[in-house]
There are 2 protein chains.
Amino acid sequence: MARRRQAVTIKHVAADAGVSLQTVSRVINKEPNVRPSMQEKVQASIDRLGYIPSIAAQRMSGSRSYLILALNDRERTIADWRARQGSDWIDQMLLGGMLKCAELGYRMIFELVDTHNDHVERELGAAIAALQPDGVILTPPHSDNPLITNLLTAHKIPFAQIGSEGQGGGIPLIMGDQDAARKATEHLLGLGHTNIGFIAGPSDYLLSGWRLAGWKGAMESAGCATSGKSQEGDFSFASGAAAAKILLCQSDRPTAILASNDHMAVATMEVASELGLSVPTDLSVISFDNTPMAIFARPSLTAVDQPIADTTARAIELLISAKNGDTPVLGPTIIPADLVLRDSTGPAPL
Amino acid sequence: MARRRQAVTIKHVAADAGVSLQTVSRVINKEPNVRPSMQEKVQASIDRLGYIPSIAAQRMSGSRSYLILALNDRERTIADWRARQGSDWIDQMLLGGMLKCAELGYRMIFELVDTHNDHVERELGAAIAALQPDGVILTPPHSDNPLITNLLTAHKIPFAQIGSEGQGGGIPLIMGDQDAARKATEHLLGLGHTNIGFIAGPSDYLLSGWRLAGWKGAMESAGCATSGKSQEGDFSFASGAAAAKILLCQSDRPTAILASNDHMAVATMEVASELGLSVPTDLSVISFDNTPMAIFARPSLTAVDQPIADTTARAIELLISAKNGDTPVLGPTIIPADLVLRDSTGPAPL
DNA sequence: TTGAAAGCGCTAACAC
DNA sequence: GTGTTAGCGCTTTCAA
């Protein structure tokens with residue numbers, strides 16, 4: 001295969017504009033100290049020749065690769081893809097991240113890593129060596145993995161930690177779980193519910209705690225009891241069903257349940273149906289995440305949306321700012337989550 | 001920001017192993033004419049130092065970037081993402097493509113292009129100049145777009161055309177639509193159905209024709225009538241409902257319908273329900289694509305799976321072979337599609 | 001404000 | 001079979 005050469009290089013532009021390579025480089029990188037007339041002349045040549053810099057060459061000589069690496073857990077991601085159940089986490093990251101990258105002249109590359117073992121360091125190290133990304137986006141459950149955060153810190157590569165409060169020294173972003181849980185609970189309170197159950201996520205996810213706190217806070221502010229009204233699941237359908245069964249078989253049965261993800265909410269509706277309860281007449285249900293499952297459930301689920309796209313987009317912006325040496329934002333960036341109203345919620349039964 | 005240097009370069013390895021750069025390069029690239037003892041010694045240094053070549057440097061000097069570009073239609077992809085209805089085309093491409101790339105030492109980068117206007121050339125040209133990909137994967141509806149295929153041909157970049165018979169000079173891959181349609185129809189015939197309706201996709205999609213031909217072929221082989229039993233939709237829910245209404249209001253109503261995608265199949269079930277027909281007792285329904293919607297539909301849909309992951313993986317293999325100068329496969333590569341049995345099909349009513 | 005020179009990490013081409 | 005040399009396209013450093 002023939003040696004491949006760039007069609008139009010910086011040399012062509014320089015020759016065309018009658019200036020040095022360096023001046024063209026300055027124009028490309030929007031550096032100061034270029035006379036406007038020069039800048040215009042060079043830009044005209046660039047446009048005329050349709051010149052686009054090679055990112056490989058930029059990376060070779062300069063300090064940037066114009067590449068952002070997004071890391072996801074290998075096992076979970078592949079399992080979701082194979083299940084074809086419409087878990088759209090990756091799509092939403094792509095939606096927010098790719099478009100924002102494109103806007104800023106960057107590209108996003110996905111990489112899967114094994115969180116469970118020590119391969120992480122080798123795998124991530126290889127990706128860093130091969131690509132030299134300008135920034136890395138970490139996602140749960142490894143946003144706070146010290147093996148990863150230490151490695152990135154050592155390499156001086158800025159990184160965003162989605163769903164983390166930023167212990168690792170990166171840029172933390174969280175999705176307003178606590179506020180959203182409060183909002184969802186308040187919505188139910190507004191519908192007249194006072195006995196509202198909660199199905200929590202596993203405690204090793206930080207967001208499980210945030211969601212729980214939001215529900216608890218809203219309940220307590222309204223003077224409603226929370227004791228004995230919450231059960232922990234592990235995000236799976238089975239665990240949701242088990243939790244729902246416990247809550248719904250109590251003598252003082254809740255008239256509404258807030259479940260920490262869509263799977264557990266669907267399970268709750270199924271259990272309700274088995275018990276002869278209809279949703280939303282006898283029981284209102286609200287879920288978290290708003291994956292496609294929430295739309296397709298019958299009745300469709302009122303859900304707290306997870307603003308993955310917005311969060312990823314913001315992560316990209318902050319990463320590039322950090323790379324540019326801008327002063328970092330203090331504290332975690334919170335992306336607010338909306339409540340999407342559908343058919344699984346209604347007024348409390350009399 | 002400090003100038004970033006590679007931690008371990010080919011030089012370090014060469015020094016460590018006491019050989020020339022070139023020898024290390026030969027080992028990395030698995031070139032012949034390296035004495036086994038040399039190869040082992042160098043490999044030992046590589047392993048010990050944890051050396052990984054920089055793809056930017058490889059691209060700069062050599063003829064490969066180790067990057068594969070996957071092109072998708074901007075408008076449709078973004079619309080799907082925003083709808084959050086679980087269309088998992090991109091996920092499946094990622095599943096098949098990313099894993100295969102990783103296996104072969106490549107990376108996959110996604111890019112969205114506007115198919116509708118002449119921006120394509122500018123957009124794609126820019127992506128090519130910036131990334132210099134070793135191969136490009138084209139997806140419907142622009143697998144045969146001459147603006148794109150000509151540009152790639154001119155740049156001598158190998159490209160795969162998914163869902164195309166290969167008019168553009170690329171590597172064509174198709175997903176066995178015709179065979180699958182035949183299989184699906186035969187499945188219905190096997191259940192005793194003889195009056196089987198078909199809802200076609202829009203005629204500007206090549207695969208619409210293939211699916212239609214498969215149904216027609218199976219019907220004719222079985223001696224069943226096809227005239228008046230097919231209606232064209234445009235893949236939307238509304239068009240599916242309209243087509244189903246026409247088919248199901250005929251005096252000689254079909255006992256089974258094969259719809260060219262999941263949306264139109266769900267619409268068909270809804271229309272059946274309105275007409276007081278129950279699925280699958282009175283009417284069997286089979287869909288194409290097997291997106292998450294097919295799982296969540298009630299009853300769940302028996303569907304022809306679209307093997308996007310397998311197809312993408314194969315495309316990567318063929319692209320890299322082409323890049324290596326291997327002799328191309330003749331004719332389109334056909335990836336067989338399976339029929340996934342669920343609850344929307346049953347024996348023909350008596 | 002602009003230009004010239006050096007070099008990033010690697011491979012192709014050629015010499016030995 | 002192995003080493004040497006000359007770049008790839010760009011930015012950095014330094015000089016003018």
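Letters A, B, ... mirror the listed sequences (proteins, then strands); counts begin at 1. All figures in this text were calculated on a predicted structure; none of them were measured in a lab.
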Participant: I need the minimum non-hydrogen distance between A:E31 and A:V34, along with the two atoms involved.
Facilitator: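 Where A:E31 meets A:V34 most closely, the heavy atoms are O-CG2, 3.8 Å.
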Participant: Compare side-chain N and O positions of B:N29 against OP1 and OP2 of C:dT11 and report whether any pair is under 4.0 Å apart.
Facilitator: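 Yes, because at least one side-chain N or O of B:N29 sits under 4.0 Å from OP1 or OP2 of C:dT11.
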Participant: Atom CD1 of B:I10 and atom P of D:dG7: how far apart are they, to the nearest Å?
Facilitator: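 About 19 Å, once rounded to whole Å.
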Participant: Take the protein atom CD of B:Q132 and the nucleotide atom C1' of C:dC10, then report the distance between them rounded to whole Å.
Facilitator: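 That distance rounds to 16 Å.
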Participant: Which of the following nucleotides, C:dG3, D:dT11, D:dC8, is nearest to the side chain of A:T23?
Facilitator: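 Closest of the options to the side chain of A:T23: C:dG3.
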Participant: Mind listing the closest non-hydrogen atom pair of A:P172 and A:E165 along with its distance?
Facilitator: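 Looks like CB-C, 3.6 Å.
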Participant: Can you find a side-chain donor-acceptor pair between B:N324 and B:R64 that sits under 3.5 Å?
Facilitator: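 Yes, because at least one side-chain N or O of B:N324 sits under 3.5 Å from a partner of the opposite role on B:R64.
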Participant: Write down the distance between CD (A:Q39) and P (C:dT2), rounded to a whole number of angstrom.
Facilitator: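 After rounding, the gap between these two atoms is 11 Å.
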Participant: So for B:S61 and C:dC10, does any side-chain atom that can act as donor or acceptor lie under 3.5 Å from a complementary atom in the base?
Facilitator: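 Looking at the base of C:dC10, it does pair with a donor or acceptor on the side chain of B:S61 (distance under 3.5 Å).
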Participant: Of all the choices, D:dC8, C:dT11, C:dT2, which nucleotide is nearest to the side chain of A:M38 once you look at every atom?
Facilitator: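 Ranking D:dC8, C:dT11, C:dT2 by closest atom to the A:M38 side chain puts C:dT2 first.
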Participant: Under 4.0 Å between a side-chain N or O of A:S25 and OP1 or OP2 of D:dT11?
Facilitator: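 Yes, because at least one side-chain N or O of A:S25 sits under 4.0 Å from OP1 or OP2 of D:dT11.
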Participant: Counting only side-chain nitrogens and oxygens, does A:S20 get under 4.0 Å of the OP1 or OP2 atom of C:dG3?
Facilitator: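 Answer is yes, contact under 4.0 Å.
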Participant: Does C:dC10 have its OP1 or OP2 closer than 4.0 Å to a side-chain nitrogen or oxygen of B:Y51?
Facilitator: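 It does, given that an N or O in the side chain of B:Y51 lies less than 4.0 Å from OP1 or OP2 of C:dC10.
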Participant: Counting only side-chain heavy atoms from C-beta out, which of D:dG3, D:dG9, C:dC10 sits nearest to B:M60?
Facilitator: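 So the nucleotide nearest the side chain must be D:dG9.
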Participant: Just the rounded figure in Å: distance from P of C:dC14 to CD of B:E31.
Facilitator: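 One finds 15 Å between P of C:dC14 and CD of B:E31, rounded.
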Participant: Starting at NZ of A:K11 and ending at C1' of C:dG3, how long is that distance when rounded to a whole Å?
Facilitator: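 One finds 15 Å between C1' of C:dG3 and NZ of A:K11, rounded.
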Participant: Tell me which of B:R35 and A:L21 sits closer to the 5' end of DNA chain D, going by the nucleotide each one is nearest to.
Facilitator: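 Result: B:R35.
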Participant: Base, sugar-phosphate, or nothing: which does B:V24 touch, judged by heavy atoms less than 4.0 Å apart?
Facilitator: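 Result for B:V24 = nothing.
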Participant: Do the side-chain N or O atoms of A:S54 get closer than 4.0 angstrom to the phosphate oxygens (OP1, OP2) of D:dC8?
Facilitator: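 Indeed not, no polar side-chain atom of A:S54 lies that close.
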Participant: With respect to the phosphate group of C:dT11, does any side-chain polar atom (N or O) of B:Q58 fall under 4.0 Å of OP1 or OP2?
Facilitator: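 Looking at the OP1 and OP2 atoms of C:dT11, one of them is under 4.0 Å from a side-chain N or O of B:Q58.
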Participant: So does A:T9 get a side-chain nitrogen or oxygen closer than 4.0 Å to the phosphate oxygens (OP1/OP2) of D:dC8?
Facilitator: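 Checking D:dC8 against A:T9, no side-chain N or O comes under 4.0 Å of OP1 or OP2.
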Participant: Only one of B:T139, B:D80, B:N72 clears side-chain hydrogen bond (donor to acceptor under 3.5 Å, both in side chains) with B:W89; which?
Facilitator: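 Going through B:T139, B:D80, B:N72 one by one, the side-chain hydrogen bond (donor to acceptor under 3.5 Å, both in side chains) with B:W89 is satisfied by B:N72 alone.
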Participant: Treating A:Q92 as the side-chain partner and B:W81 as the backbone partner, does any N or O pair qualify as donor plus acceptor under 3.5 Å?
Facilitator: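 Yes; judged by distance alone, with no hydrogens or angles, the pair exists.
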Participant: Think B:R26 has a side-chain N or O under 4.0 angstrom from the OP1 or OP2 of D:dT2?
Facilitator: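 Result: no.
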Participant: With respect to the side chain of A:Q6, which nucleotide from C:dT2, D:dG3, D:dG9 is positioned closest?
Facilitator: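 In terms of side-chain proximity for A:Q6, the closest of C:dT2, D:dG3, D:dG9 is D:dG9.
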Participant: Nearest whole Å is fine: how far is C:dT11 C1' from B:I55 CD1?
Facilitator: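 Rounding to the nearest Å, CD1 of B:I55 and C1' of C:dT11 are 15 Å apart.
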Participant: Please give, in whole Å, the distance from C:dG7 C1' to A:R59 CZ?
Facilitator: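 The distance from CZ of A:R59 to C1' of C:dG7 comes to 13 Å, rounded to the nearest Å.
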Participant: Between C:dG9 atom P and B:R64 atom CZ, what is the distance in whole Å?
Facilitator: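 So the two atoms are 22 Å apart, to the nearest Å.
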Participant: Pick the nucleotide of DNA chain D nearest each of A:I52 and B:G18; which residue has the one closer to the 5' end?
Facilitator: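 Whichever sits nearer the 5' end wins; that is B:G18.
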Participant: Which part of the nucleic acid, if any, lies within reach of A:Q22 when heavy atoms closer than 4.0 Å are counted: base, sugar-phosphate only, or nothing?
Facilitator: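 If one applies the 4.0 Å heavy-atom cut-off, A:Q22 turns out to touch a base.
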Participant: Regarding A:Q167 and A:Q161, is there a side-chain donor-to-acceptor distance under 3.5 Å anywhere?
Facilitator: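 Absent: no donor and acceptor within the cut-off.
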